[in-house]
Amino acid sequence: MPTLTITGKTRVYGTLAHPIDHIRVPSVMNPLYEQHGIDAVMVPIHVLPEDLEDAVRGMRATRNLGGLCVTVPHKVTIAALCDEVGAGGRRVGAVNAVRFDPADADGRRRMIGDNFDGQGYVAGMKAGGFDFAGKHVLQLGAGGAGMAIAFAVAEAGAASLSIANRTVARAEDLAHRVHKAFPGCITRGIEADADPAGYDVVINTTSLGLHAGDPLPVDVDRLDPATVVSEIIMIPEETALLKAARARGHSVHYGRPMLEEQIKLIAAFIGCPFPG
Ligand code: ATR
């Protein structure tokens, strides 16, 4: 197995998190760099929330640090420290990628953030052969990930988007914001147990399914047989929802492609090479 040789020319990227032990991006990227002979390294960067501002000042001053993947709990706080935030980040008020641009005339490096949760999800579905254009969509959940996905689904040309959530007011607020940004998509916020029939696709963005014994986020017996069922939870790979949907003959989409596509989008944004 080739070994990674780090020199003064090596491009450095980071994955910012707290806690840091569970971080997987470096273990995905570094073997690819070795394999493809790319002179870059992705390092885990462990920063406590109370130190973020100091850490950002230091990272901005670190000239060979090209950019960051940003994870929990820094996504919201780092957005406020960026010089500029792209549309995906502004919509959800959180960023999961940060790029340090070359220094401007006064020697300061601009820090640009964006969020690729929504685009990553839509790209993952596209990779799996699903196109949202003209579709009637039922989204379950209106939390952080749901917010990003709702905008991206509308942007991808969905004809309608119904957002069902335990806290209906949150769904209504999100539906209103999405419609304002994409008036071509008919949106509404509805009760979590509203009738799930009549949709082309159902997306679970709630956290129901993360833990064994969670109730299903939707009653699969009430879905039309042709409804596609999509999940953003990655672990477990097959949630109870996907298992039940598959048993009833629905076409299903797993959560992993969202992460895979998102890594590609983030890599492109921060200028980090992504082989393959
Ligand atoms: P994330 O950032 O992963 O999206 P989040 O912002 O906490 O996490 O959002 C979790 C989503 O799952 C929300 O839509 C939440 O519903 P509420 O807005 O009513 O809180 C939903 N959710 C979480 N636990 C739930 C439960 N036990 N039953 C139904 N919905 C639940």
Side-chain angles (χ1 to χ4, degrees), residues 15-19 22-25 49 69-80 85 88-97 113-122 124-125 137-154 161-178 187-196 199 201-220 222-223 229-237 239-242 244-245 253-259 261-263 266:
T15 298
L16 182 67
H18 168 70
H22 65 292
I23 288 308
R24 277 179 298 173
V25 181
C69 295
V70 181
T71 66
V72 175
H74 301 302
K75 292 186 191 186
V76 172
T77 34
I78 206 167
V85 174
R90 284 200 306 275
R91 285 170 193 158
V92 300
V95 304
N96 59 5
D114 211 340
N115 187 310
F116 296 95
D117 277 336
Q119 271 188 54
Y121 169 74
V122 168
M125 288 294 279
V137 180
L138 172 60
Q139 175 178 308
L140 313 170
M147 208 184 286
I149 287 171
F151 279 100
V153 161
L161 171 65
S162 298
I163 304 167
N165 197 42
R166 177 177 61 178
T167 313
V168 187
R170 215 173 170 192
E172 286 170 343
D173 177 60
L174 177 57
H176 179 72
R177 291 177 51 217
V178 170
T187 63
R188 61 187 184 140
I190 56 177
E191 305 276 345
D193 62 355
D195 185 5
Y199 295 96
V201 60
V202 172
I203 312 162
N204 179 39
T205 75
T206 74
S207 38
L208 292 176
L210 276 173
H211 305 289
D214 279 352
L216 294 187
V218 66
D219 181 357
V220 289
R222 294 161 71 200
L223 297 177
V229 178
S230 163
E231 177 69 89
I232 67 163
I233 292 173
M234 267 187 318
I235 300 171
E237 187 182 358
T239 57
L241 170 64
L242 291 186
H253 288 258
Y254 292 79
R256 176 157 279 277
M258 172 175 168
L259 175 73
E261 295 302 322
Q262 204 171 164
I263 289 180
I266 292 176

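Every number for a ligand or one of its atoms is a count from 1 in the order of the listing.
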Taking atom CZ as the centre, does Arg222 end up with more than 12 heavy-atom neighbours from other residues, nucleotides or ligands that are less than 6.0 angstrom away?
yes

Please confirm whether the backbone N or O of Tyr254 pairs with a side-chain atom of Ser230, one donor and one acceptor, at under 3.5 Å?
no

Within the 4.5 Å heavy-atom criterion, are Thr187 and His176 side-chain neighbours or not?
no

Give me the residue, atom name and distance of the protein heavy atom closest to atom 21 (C) of ligand 1.
Thr206 CB, 3.8 Å

Check Asn204 against Thr206 and note the closest heavy-atom contact, atom names and distance.
OD1-OG1, 2.8 Å

Please determine whether any non-hydrogen atom of Ala192 lies less than 4.0 Å from an atom of ligand 1.
no

With only distance considered, is Ala145 within less than 3.5 Å of ligand 1 through an N or O on each side?
yes

Result of checking Val76, Ile78, Asp114 against Val95 for side chain to side chain contact (heavy atoms under 4.5 Å, CB included):
Ile78

Protein heavy-atom partner closest to atom 9 (O) of ligand 1 - residue, atom, separation in Å
Gly143 CA, 3.3 Å

Side-chain (Arg177) to main-chain (Arg91) donor-acceptor, under 3.5 angstrom:
yes

Does Gly144 reach ligand 1 with a nitrogen or oxygen that is under 3.5 Å from one of the ligand's nitrogen or oxygen atoms?
yes

If you scan protein heavy atoms around atom 29 (C) of ligand 1, the nearest is Leu208 CD1, 3.6 Å

CZ-CD1 distance between Phe116 and Ile263, expressed to the nearest 0.5 angstrom
13.0 Å

Give the residue, atom name and distance (to 0.1 Å) of the protein heavy atom nearest atom 26 (C) of ligand 1.
Arg166 NH1, 3.2 Å

Between Asp117 and Met258, is a side chain to side chain contact (heavy atoms under 4.5 Å, CB included) present by the stated rule, with each step listed?
CA-CA 8 Å; Asp117 277 336; Met258 172 175 168; 4.2 Å; yes

For atom 23 (C) of ligand 1, what's the nearest protein heavy atom and its distance?
Ser207 OG, 3.1 Å

Classify the contact between Asn165 and ligand 1 as side chain, backbone, both or neither, using a heavy-atom distance cut-off of under 4.0 Å.
side chain

re atom 17 (P) of ligand 1, the protein heavy-atom contact at minimum distance is Thr167 OG1, 3.4 Å

Report, in ascending order of atom number, the atoms of ligand 1 lying under 4.0 Å from any heavy atom of Arg170.
6 (O), 13 (C), 17 (P), 18 (O), 20 (O)

So, do Leu223 and Val202 sit near enough that their side-chain heavy atoms are less than 4.5 Å apart?
yes

Using a 4.0 Å cut-off to any heavy atom of Gly141, which atoms of ligand 1 qualify?
14 (O)

Below 3.5 Å, N or O to N or O, backbone or side chain included: is there any such pair between Thr205 and ligand 1?
no

